[in-house]
Amino acid sequence: MSVLDELFEQALSKKSVFRDKKYLSVDYIPDELPHREEEILRLANILVSILRDSRPSNIFEYGPVGTGKTAVTKLVLKKLSEKAEKAGIRFRYAYINCRFFRTNYRALVKVAMELGLRIPRTGLPVDVILSLITRKLEENYRFLLVVFDEIDWLVKYSGDDILYQFTRLNSELNKSEISLIGITNDTRFREYLDARVLSSLSEETVVFQPYNQEQLYDILLQRARLAFREGVIDDEAIRYAAAIAARDGDARRAIDLLRVAGEIADRSGDFKVTVDHVVQASEEVERNIIREIISILPPNQQLLLLAIAGLSKLSRNKITTGKVKHVFDWILSQIGKQPITLRRINDYLAELETLGIISSTIVSFGRHGRTRIIKLEIPVEIIENILTKDPLYSELYSELIRTIISP
DNA sequence: CTTCCACCGGAAGTACCGGTAA
DNA sequence: TTACCGGTACTTCCGGTGGAAG
């Protein structure tokens, strides 16, 4: 039997600690969301006007990561559209995660697709799509609700044009009406918005607070009962996972932790999930997040990160933009590429900073100019570990360590 | 007090790509 | 086929700017 066969056979025959892992996945939304009853009611109270044939207010939802904004919204909308359908109200909603649809055009196409229109991913002018949407609306629907999740990504990339268009659209529609929901965890989001858009978007505001430890425990208990087989998970382990995630009140992290702990238990052939597994899981989850972020970076940004890693390894002086540019250009020349302008490198650095990989402060050295001092927020070893998996990067990196002397 | 360094970061422009419609 | 559309990735241009040196 081959190694592969053996692995698969083992998976089939071996008892897993899981009954059904899907209850611990990000996509699963339970019918009951513990400790979000208030928010659910708030939202439902606003949206219920659809059932009374009147347009609900636009809603702005704000709260940190993993506080249930998306789950609450999806849950309420699901129930609402069930009721609306039974009552014969022609209501439709479009859910857009702006992290993945971050240009005006793509967001618009997503709305069109949710309305059942078949639209090419590119090639058409914006106003054509807008008029297709309005026609479809007028013909088929009384209410449209557009949910812009992680709306800050859309606005930062493409401005608030599309939001403005949507808020204005109502005056052009006769038989249909549109409402918007904007969801964000960015505290400073309001600053990016045009005043008109901001005021119309936040007709109603719902704020989500982080979960505390007991609340997280309740959430995990609910999920664990569904996802794990009877008696395989220690209460202790659940409490521990809740405690870790309570540091930032993030329920998504808590649920991830439990799932990974279960996977680790399975892998090591244990029949129970213990605190120990959760401890291991918390390290693994952390590593995976970093690995995921770095590995999907565009090649140029990976190379830039390599340059920063090299610099932080061998110079005890502060890392400045100028030095980074110097080393980065060297790397590019090694692989036969043209140097890249400082302006663009600044953009790279800004992106790495928003991802939390680096941090920086602008410092003035008087006569010696003003520059950014860059600091890695992740241990160099981890970055080396991830990037030097690629033989090309590995070779470049050791060459870099050997040859570059701080300028 | 003025200078001037070494950048910062907004705005606009260029080049190329994959796509549509006629 | 051609004219046009929007996305992506980058460049060019350029008006700032904190604070030690002069």
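Here is the naming used below: chain letters follow the sequence lines, and residue numbers restart at 1 for every chain. Worth knowing before you read on, the calculation uses all heavy atoms, side chains too, and leaves out hydrogens, waters and symmetry mates.
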Query raised in the report: Taking the side chain of A:R372 as its heavy atoms from C-beta onward, which of B:dG9, C:dG19, B:dA6 lies nearest to it?
Result: B:dG9
Report task. State which of B:dC7, C:dC5, C:dG19 makes the closest approach to the side chain of A:P125. Result ->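 Of all the options, the side chain of A:P125 is nearest to C:dC5.
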For atom [atom1] of [X] and atom [atom2] of [N], their distance in whole Å:
X      : N      : atom1 : atom2 : answer
A:R118 : B:dA21 : CZ    : P     : 12 Å
A:L297 : C:dA9  : CG    : P     : 12 Å
A:K337 : C:dT11 : NZ    : P     : 12 Å
A:I119 : C:dC5  : CD1   : P     : 17 Å
A:R370 : C:dA20 : CZ    : P     : 13 Å
A:L132 : C:dC5  : CG    : C1'   : 15 Å
A:F328 : C:dC10 : CZ    : P     : 8 Å
A:L154 : C:dG7  : CG    : P     : 11 Å

Query raised in the report: Has A:T321 got a side-chain N or O lying under 4.0 Å from the OP1 or OP2 atom of B:dC8?
Result: yes
Query raised in the report: Are any of A:N300's side-chain N or O atoms less than 4.0 Å away from OP1 or OP2 of C:dC10?
Result: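 A:N300 to C:dC10 OP1/OP2: side-chain N or O found under 4.0 Å.
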Query raised in the report: Between residues 339-353 of chain A and DNA chain C, which residues have a heavy-atom gap below 4.0 Å?
Result: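 Contacting residues: A:P339, A:I340, A:T341, A:R343, A:R344, A:Y348.
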Query - Within residues 354-362 of chain A, residues whose heavy atoms come under 4.0 Å of DNA chain C - result: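 Output list: empty, so none.
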[Y] ring centre to [X] NZ or CZ under 6.0 Å, with the angle to the axis within 45°?
X      : Y      : answer
A:K69  : A:Y62  : no
A:R102 : A:Y157 : yes
A:R239 : A:Y217 : yes

Report summary line: Closest to the 5' end of DNA chain B, once A:G322 and A:L124 are matched to their nearest nucleotides, is A:G322
Report task. Looking at every strand, decide which applies to A:V128 at a 4.0 Å heavy-atom threshold: base, sugar-phosphate, or nothing. Result -> nothing
Query raised in the report: Should the ring pair A:F189 and A:F60 be called parallel, tilted or perpendicular, given that the plane angle runs from 0 to 90° and is split at 30 and 60?
Result: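 Parallel, since the angle between the ring planes stays under 30°.
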Report task. Evaluate the ring planes of A:F228 and A:F18, with Trp represented by its six-membered ring, and classify them as parallel (under 30°), tilted (30 to 60°) or perpendicular (over 60°). Result -> parallel
Query - Close aromatic pair by centroid cut-off 6.0 Å: A:Y23 and A:Y28 - result: yes
Requested in this report: Would you mind checking if A:E263 and A:R259 are paired as a salt bridge, meaning a charged N to carboxylate O distance below 4.0 Å?
Outcome: yes
Query raised in the report: Would you say the side chains of A:Q222 and A:E32 form a donor-acceptor pair under 3.5 Å?
Result: no
Query raised in the report: Would you say the side-chain atoms of A:S360 and A:R372 include a donor-acceptor pair closer than 3.5 Å?
Result: yes
